[in-house]
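Every value quoted in this text rests on a predicted model; they were computed, and no experiment measured them. Along the sequence shown, residues carry numbers from 1.
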Amino acid sequence: MTRVLVLAGTTEATRLAGLLTDDGLEVISSFAGMTTDPRSRPGLVRSGGFGGVDGLRRYLDEEAIDLLIDATHPFAACMPHHAAAAASGAGVPLVRLLRPPWTPGPGDRWVCVPGLPEAAAAIDELDARVAFLTVGRRELHHFDRARHTRFVVRSIHPPERPPPRTTLVLDRGPYELAAERDLLVRHRVDVIVAKNAGGTATRAKLDAARELGLPVVMVERPSQPAVRRVATAEDARRWVQVTLGRG
């Protein structure tokens, strides 16, 4: 049976595991360990790192992996590069499943920045009173320097050390436009800080910001390796079929 390793952590990875299992392939979904409650999915699940490029290459060899699909988060900084190097070294076909980024439209007020330190500086430049942070719970320390801004932080799990003057909102997407608009108005948010993750599950906050005329500090994605990319789970499934000679 063909074995496919899916580097998981996104909704696309979950859908892909089901599609490939339905096609009769053996799927192993791998999580880095940061996700404390990965949702159930068809196939096998492993958790924890590989030990860098060499460790992943050994895993591909020892587990007789036929295909590798990198479906990690768009803001996974290291794993896409490790996957590209390991797949090349092991001679395993690789594709990067990467959803398209959001793009600003008419009425959007985006301030695009390359990273979270620059996002924190942009909050100061905008003289924000209340900032809505949707950047993940592990990188909130970048906003400790803010002297006057209050924060509304949304996270699936409580952060260990949120910035001073933080109101915590525990929730998991997908989010609806009306609820996002209500949250922004209720907390008197005047700027949103977001990572350009793309997709539909968390886009509603951007639509709400446009309706309310709020600026969005948008953190751009990290660099990606020069490998084949597809945008959807269905596209990745077709790549698998073609690579295996079934398409």
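When side chains are defined from C-beta on, L244 counts as touching T2, because their heavy atoms get closer than 4.5 Å. Residues V27 and S29 are in side-chain contact: their nearest non-hydrogen atoms beyond the backbone lie under 4.5 Å apart. Using a 4.5 Å cut-off on side-chain heavy atoms (C-beta onward), I192 and P215 make no contact. L206 has its side chain within reach of W110: a pair of non-hydrogen atoms, C-beta onward, lies under 4.5 Å apart. In this structure, the side chains of V6 and S30 stay at 4.5 Å or more apart for every pair of heavy atoms. Counting heavy atoms from C-beta on, the side chains of Q224 and L98 come closer than 4.5 Å. Taking 4.5 Å as the limit, every side-chain heavy atom of P158 sits out of range of all side-chain heavy atoms of R137.
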For a side-chain contact (heavy atoms from CB on, under 4.5 Å) check, start with the C-alpha distance between L183 and Y175, then their side-chain angles and the critical distance, and finish with the verdict.
CA-CA 11 Å; L183 183 150; Y175 304 103; over 6 Å; no
Using the rule given for side-chain contact (heavy atoms from CB on, under 4.5 Å), can you reason through V95 versus V227, listing the C-alpha separation, both sets of side-chain angles and the distance that settles it, and then say yes or no?
CA-CA 7 Å; V95 73; V227 299; over 6 Å; no
Test side-chain contact (heavy atoms from CB on, under 4.5 Å) on V113 and V217; report intermediate values, then the result.
CA-CA 7 Å; V113 296; V217 177; 3.9 Å; yes
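For R99 against G199, the heavy-atom pair with the smallest separation is CD-N, 3.3 Å. For L16 against A233, the heavy-atom pair with the smallest separation is CD1-O, 3.6 Å. Pairing each heavy atom of R161 with each of H141, the nearest pair is NH2-CB, 3.6 Å. Closest approach of R154 and K205 over heavy atoms only: NH2-CD, 4.3 Å. Residues W102 and R203 share a closest heavy-atom pair of CD1-NH1, 3.2 Å. Contact between A231 and L97 at its shortest, heavy atoms only, is C-CD1, 3.7 Å.
Not one N or O on the side chain of S88 forms a donor-acceptor pair closer than 3.5 Å with the backbone of A84. Under a 3.5 Å cut-off, the side chain of D70 and the backbone N or O of T72 do form a donor-acceptor pair. Between the T166 side chain and the L168 main chain, no donor and acceptor come within less than 3.5 Å of each other. Put simply, the side chain of H187 never gets that close to the backbone of T167: no donor and acceptor are under 3.5 Å apart. Between the side chain of R221 and the backbone N or O of A197, at least one donor-acceptor pair lies under 3.5 Å. Remark: the backbone N or O of L20 is not paired with any side-chain donor or acceptor of R237 at under 3.5 angstrom.
The hydrophobic cluster containing L177 does not contain L184, counting ILVMFWY residues as joined when their side-chain heavy atoms lie under 4.5 angstrom apart, directly or transitively. Under a hydrophobic clustering in which Ile, Leu, Val, Met, Phe, Trp and Tyr are joined whenever their side-chain heavy atoms come within less than 4.5 Å, directly or via other members, V189 and V169 fall into the same cluster. Cluster annotation: V92 and L5 are assigned to the same hydrophobic cluster (Ile/Leu/Val/Met/Phe/Trp/Tyr, side-chain heavy-atom contacts under 4.5 Å, transitive). Cluster membership for V219 and L214, using ILVMFWY side-chain heavy atoms within less than 4.5 angstrom, is not shared. I69 and M79 are members of different hydrophobic clusters when ILVMFWY side chains are connected at heavy-atom separations under 4.5 Å.
Atom CD of E220 is separated from atom NZ of K195 by 13.5 Å, given to the nearest 0.5 angstrom. Note that CZ of R150 is 9.0 Å distant from CG of D190, once rounded to the nearest 0.5 Å. Atom CG of residue L44 and atom CZ of residue R46 lie 11.5 Å apart, to the nearest 0.5 angstrom. Interatomic distance, CD of Q241 versus CG of L25, reported as 8.5 Å (0.5 Å rounding). Here the CG-SG distance, from N196 to C112, works out to 7.5 Å after rounding to the nearest 0.5 Å. With rounding to the nearest 0.5 Å, the separation of CZ in R210 from CZ in R109 is 13.0 Å.
None of V242, D235, T243 except one satisfies the side-chain contact (heavy atoms from CB on, under 4.5 Å) rule with W239; the exception is T243. Checking each of V135, V111, V153, V216 against V193 for a side-chain contact (heavy atoms from CB on, under 4.5 Å) leaves exactly one that passes, namely V135.
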Return all side-chain donor-acceptor pairs below 3.5 angstrom for residues 119-132, not counting sequence neighbours, or 'none' if the list is empty.
{"from": "D124", "atom 1": "OD2", "to": "R145", "atom 2": "NH1", "distance (Å)": "3.0"}

Identify all side-chain donor-acceptor contacts of residues 55-66 below 3.5 Å with residues at least two apart in sequence or on another chain.
{"from": "R57", "atom 1": "NH2", "to": "D54", "atom 2": "OD1", "distance (Å)": "2.6"}
{"from": "E63", "atom 1": "OE1", "to": "R3", "atom 2": "NH1", "distance (Å)": "3.3"}
{"from": "D66", "atom 1": "OD2", "to": "R3", "atom 2": "N", "distance (Å)": "2.8"}

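The pair R15-E234 counts as a salt bridge, with a side-chain nitrogen and a carboxylate oxygen less than 4.0 angstrom apart.
By the 6.0 Å contact criterion, CZ on R228 is open, its count of non-hydrogen atoms from other residues, nucleotides or ligands being 12 or less.
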